[in-house]
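Below is one structure, written out as structure tokens; comments come after it.
In what follows, chains are A, B, ... by sequence order, proteins preceding strands, each numbered from 1.
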Amino acid sequence: MPAITLPDGSVRQFDGAVTGTDIAAAIGPGLARAALAMKLDGKLVDLSTTVAADASVMFITRKDEASLELIRHDAAHVLAEAVQELFPGTQVTIGPSIDNGFYYDFARNEPFTPNDLPTIEAKMREIIARNAKFSRSEIDRDEGIAFFEERGEKYKAQLIRDLPASETITLYKQGEWLDLCRGPHMRSTGDVGDAFKLMKVAGAYWRGDHRNAMLSRIYGTAWRDRKELDAYLTMLDEAEKRDHRRIGTDMDLFHLQEEAVGSVFWHPKGWMLWRKLEAYMRRRLDDNNYLEVRTPQMVDRTLWEKSGHWEKFRENMFIAQIDDESEKDRILALKPMNCPCHVQIFNTTLRSYRELPMRMAEFGACHRYEPSGALHGIMRVRGFTQDDAHIFCTEDQIASETVAFVELLSSIYRDLGFESFRVKFSDRPERRAGEDATWDKAENSLKDACREANVEYELNPGEGAFYGPKLEFVLRDAIGRDWQCGTLQVDFVLPERLDAEYVAEDGSRKRPVMLHRAILGSFERFLGILIEQYAGRFPLWLAPVQVVVAPIVSDANDYAQEVAAALRAAGVEVRTDLRNEKINAKIREHSLQHVPVILVVGRKEAEARTVAMRRLGGDAQEILDLATAVTNLAQEALPPDLKVA
RNA sequence: GCCGACAUAGCUCAGGGGUAGAGCAACUGAUUCGUAAUCAGUAGGUCCUCGGUUCAAUUCCGAGUGUCGGCACCA
């Protein structure tokens, strides 16, 4: 006699065990038609699930966001059926729902190509039209293994083998096709609907391990209805327009070329952007008691051997050697990071606890031989500049330094237009330096510090640096890809390896802790993110060209130059456009270049000593007298940290 | 590094076994014009590189390089 509690608090009694389908039918025909699955005591299950005891039930319909995951997961099954129908001999592996869609990984001698997608998609629509019911069944573990082995599905058999012995093995069948799957699913393939699209093919390693076979992955996107699908596709189109590589070319900010793979050629406007960001960062660090240093670009391998980087990252370092017999034993590496160099400065003299925390900063140019497939525009490059710093401190200072760092980072992100960001906590990796006790200490102090700094993080197990756990501060690019920018790493290992020490209050020698930290991460990556964040429409203080003065007639040229000179003297980045072009053309071109302010001057303005100010994105003009315009713009163009409220 | 796709003018792209095309940009001339494209003209190419097939290759084939989308990697 189960009593079913519904989300509105009402309770329904049933005479015996019932399925979700029965319950929905009892509530009403509308719900019976709409229900796709249900939450049984909070757990998402099939409608066909039998309920024999008192429970709370909530039905999931297409109106619920929760249906998206079901639609996407079912779509993955339909995709797999379509592929096996079209390409016999293809093995299935796994196919989960993901953000915005789904994928399925197939094992096949010939990988799929984009040309296969329309055919597969058509077959999927056919399968959806068949509207075959999803039916769940359980199978004994050994039977399951034998069953899939016999069908030549060795990946599925392997999946069962790797499931814990206690796990119930379930199969889902749709028509004649079936798959090993935990579920849940909707009622039938027809519930997938038509708001889906196959997007791309890609290679992916079995189990995400590069030592395994490469599978052929097909990605799709799926939504509740056409409107949602179209909105998503439109969003992708829009996102493509803010791609930093495209804007970098359009706005003439930088370029990349084959002769310097993974290194950026910054053009004048792009470099202006860099300089503004760097100047801003330098002021913020100065104000927060960092000491800026500069360390060598090339350092002998012996130092990297001591630090442990040689052993772990040797293949990823650029090695320099002199072509001269007398130098044949000297091997230098372009520095891949700055930490060992900073320790060298720390070690030049005997330090006192009174000097701690010592915050040593460097805009350090580093080189890493990144795998070719990892390169991405200016976001992942081989030559980059970190806004690096190392805080030498005592164990007791870890928490307060973390709090101060998080505050500084938040404030800087806010100034740069990022109100929110995600934080990941990466703990000890498999390959690591240092004792477990040291790691316990490092992880615990970082966790404590997070608590004190009010940082909410998601755990990222096993992803820490080889010398210590880290916090990663993650920003998202235009199309939703995540990039690690800021980081804070607690390191007890390097000070030990490089023999850093200070004299404590009691006169004893102690090891400092090193906090490795960056806020932007690298200038290249951050500028890439920044370009996408603003779609090239930078706030006035960051814009590489802040103001263009555009005369309407050549009679106003002299005045235009006078206006520009006044702005330049007030610290504004200004250009004049004296070309013999119509004002419409000038407005259009500078608007396309995302210049924030255009000052139009004609005979009237020259006569009255005023300017007609036009803001990017608007078509209104404001007439101001020259002195006021200069004062206002100069004030407005100040970086956020220099602005007086 | 792995799987797949792509590489033609500064940019965006079309084309195709017989010496290559458009739009925009650039350059020259004319136009002095009031808030998102004035008109006319000119110039611009190792069709990524190397090799093969062919009477002939930018086009077909192979290798390499680079880029893009994923995967793996990211001190």
Is NZ or CZ of A:R217 both nearer than 6.0 Å to the six-membered ring centre of A:Y103 and within 45° of the ring axis?
-> yes
Please measure how far the P atom in B:U38 lies from the corresponding atom in B:C50, and state the result in whole Å.
-> 43 Å
If you measure from the C1' atom in B:G44 to the same atom in B:G10, how many Å do you get, rounded?
-> 10 Å
When we call it a touch if two heavy atoms are under 4.0 Å apart, what does A:G308 touch: a base, just sugar-phosphate, or nothing?
-> nothing
Reckon A:K604 touches a base, only the sugar-phosphate, or nothing at all at heavy-atom distances under 4.0 Å?
-> base
Ranking A:E258 and A:K200 by the position along RNA chain B of their nearest nucleotide, the one closer to 5' is A:E258
Which protein N or O atoms sit under 3.5 Å from an N or O of nucleotides 1-6 of chain B?
| unit_1 | atom_1 | unit_2 | atom_2 | d |
| --- | --- | --- | --- | --- |
| B:G1 | OP2 | A:S372 | OG | 2.3 |
| B:G1 | N7 | A:G373 | N | 3.1 |
| B:G1 | N2 | A:Y205 | OH | 2.5 |
| B:C2 | O4' | A:Y205 | OH | 3.4 |
| B:C3 | O2 | A:G203 | N | 3.2 |

For B:G66, the Watson-Crick or wobble partner whose two distances fall under 3.5 Å = B:C6
Considering all heavy atoms, the nearest A:C366-A:P336 contact = CB-O, 3.5 Å
Contact class for A:D209 (heavy atom, under 4.0 Å): base, sugar-phosphate, or nothing?
-> nothing
Looking at every strand, decide which applies to A:K335 at a 4.0 Å heavy-atom threshold: base, sugar-phosphate, or nothing.
-> nothing
Enumerate all atom pairs, one protein N or O and one N or O from nucleotides 35-41 of chain B, separated by less than 3.5 Å.
| unit_1 | atom_1 | unit_2 | atom_2 | d |
| --- | --- | --- | --- | --- |
| B:U35 | O3' | A:R614 | NH1 | 3.4 |
| B:U35 | O2' | A:R614 | NH1 | 2.6 |
| B:U35 | O2 | A:R614 | NH1 | 3.4 |
| B:U35 | O4 | A:Q621 | OE1 | 2.3 |
| B:A36 | O4' | A:R588 | N | 3.4 |
| B:A36 | N7 | A:R614 | NH2 | 3.1 |
| B:A37 | N9 | A:R588 | NE | 3.4 |
| B:A37 | N7 | A:R588 | NE | 3.4 |
| B:A37 | N7 | A:R588 | NH1 | 3.3 |
| B:A37 | N7 | A:R588 | NH2 | 3.3 |
| B:A37 | N6 | A:R588 | NH2 | 2.5 |
| B:A37 | N1 | A:R588 | NH2 | 3.0 |

For the base of B:C73, is there a side-chain donor-acceptor partner from A:R380 under 3.5 Å away?
-> yes
Sub-4.5 Å side-chain heavy-atom contact between A:R525 and A:H376 = no
Give a yes/no on whether any side-chain N or O of A:R579 is located under 4.0 angstrom from OP1 or OP2 of B:U32.
-> no
Any side-chain donor paired with an acceptor under 3.5 Å for A:E311 and A:H309?
-> no
Could you check how far CD of A:E259 sits from C1' of B:C48, rounded to whole Å?
-> 11 Å
Using purine N1 to pyrimidine N3 plus N6-O4 or O6-N4 for Watson-Crick, or N1-O2 and O6-N3 for G-U wobble, both under 3.5 Å, which nucleotide pairs with B:C60?
-> B:G52
Please report, rounded to the nearest Å, how far the P atom of B:C11 is from the CZ atom of A:F254.
-> 14 Å
Would one find a side-chain N or O of A:H376 under 4.0 angstrom from OP1 or OP2 of B:G70?
-> no
Smallest separation among heavy atoms of A:Q91 and A:K154, with atom names | OE1-N, 2.8 Å
Would you mind classifying the nucleic acid contact of A:G468 as base, sugar-phosphate or nothing, using non-hydrogen atoms under 4.0 angstrom?
-> nothing
Under a 3.5 Å limit on both distances, the Watson-Crick or wobble mate of B:G23 is B:C11
Assess whether atom CG of A:N109 is packed by more than 12 heavy atoms of other residues, nucleotides or ligands within 6.0 Å.
-> no
Heavy atoms under 4.0 Å, any strand shown: does A:H590 hit a base, just sugar-phosphate, or nothing?
-> nothing
Rounded distance in Å between the P positions of B:G15 and B:C3 | 29 Å
Pairwise C1' distance for B:G51 and B:A37, with rounding to whole Å = 47 Å
Nucleotide B:G10, atom C1' - distance to CG of A:D252 in whole Å = 10 Å
Base partner of B:A72, which must satisfy Watson-Crick or wobble distances under 3.5 Å = none
Ignoring hydrogens and angles, state whether a donor on the side chain of A:K335 or A:T295 is under 3.5 Å from an acceptor on the partner side chain.
-> yes
Is the number of heavy atoms from other residues, nucleotides or ligands within 6.0 Å of CD (A:E110) greater than 12?
-> no
Pair A:E121, A:T119: side-chain N/O donor-acceptor within cut-off below 3.5 Å = no
Pairing partner of B:G45 (Watson-Crick or G-U wobble, both distances under 3.5 Å) | none
Taking atom types as modelled, find out whether A:E370 and A:N316 have a side-chain donor-acceptor pair closer than 3.5 angstrom.
-> no
From the list A:F363, A:F418, A:W483, ring-ring contact (aromatic ring centres under 6.0 Å, His included) with A:F526 holds only for A:F418
Euclidean distance, atom CE of residue A:M514 to atom P of B:A75 [Å, nearest integer] = 15 Å
Is there a Watson-Crick or G-U wobble partner for B:C33 with both distances under 3.5 Å, and if so, which one is it?
-> none
Could you tell me the separation between the NE2 atom of A:H244 and the C1' atom of B:C68, rounded to a whole number of Å?
-> 12 Å
If we take the C1' atom in both B:A25 and B:G66, what is their distance in whole Å?
-> 25 Å
NA contact type, A:Y219, heavy-atom cut-off 4.0 Å: base, sugar-phosphate, or nothing?
-> sugar-phosphate
Which whole number of Å gives the distance between the P atom of B:U8 and that of B:G45?
-> 15 Å
Pick the nucleotide of RNA chain B nearest each of A:L375 and A:F313; which residue has the one closer to the 5' end?
-> A:L375
In whole Å, what separates the P atom of B:U32 from that of B:C13?
-> 38 Å
Whole-Å distance, A:N460 CG to B:C73 P, equals 12 Å
Rounded off to whole Å, could you give me the CZ-to-P distance for the A:R211 and B:C71 pair?
-> 18 Å
Check for a donor-acceptor pair, side chain of A:D162 on one end and backbone N or O of A:L159 on the other, with a separation under 3.5 Å.
-> no
Distance test, side-chain N/O of A:R217 to OP1/OP2 of B:G69, below 4.0 Å = no
Would you indicate what A:R245 reaches in the nucleic acid, counting non-hydrogen atoms under 4.0 angstrom: base, sugar-phosphate, or nothing?
-> sugar-phosphate
Interatomic distance at P, B:U28 relative to B:C61, whole Å | 44 Å
Is there a donor in the side chain of A:R517 and an acceptor in the side chain of A:Y290, or the other way round, less than 3.5 Å apart?
-> yes
Watson-Crick or G-U counterpart of B:U28, or none if no pair lies under 3.5 Å | B:A40
Interatomic distance, A:Q489 CD vs B:C74 C1' [rounded to whole Å] | 11 Å
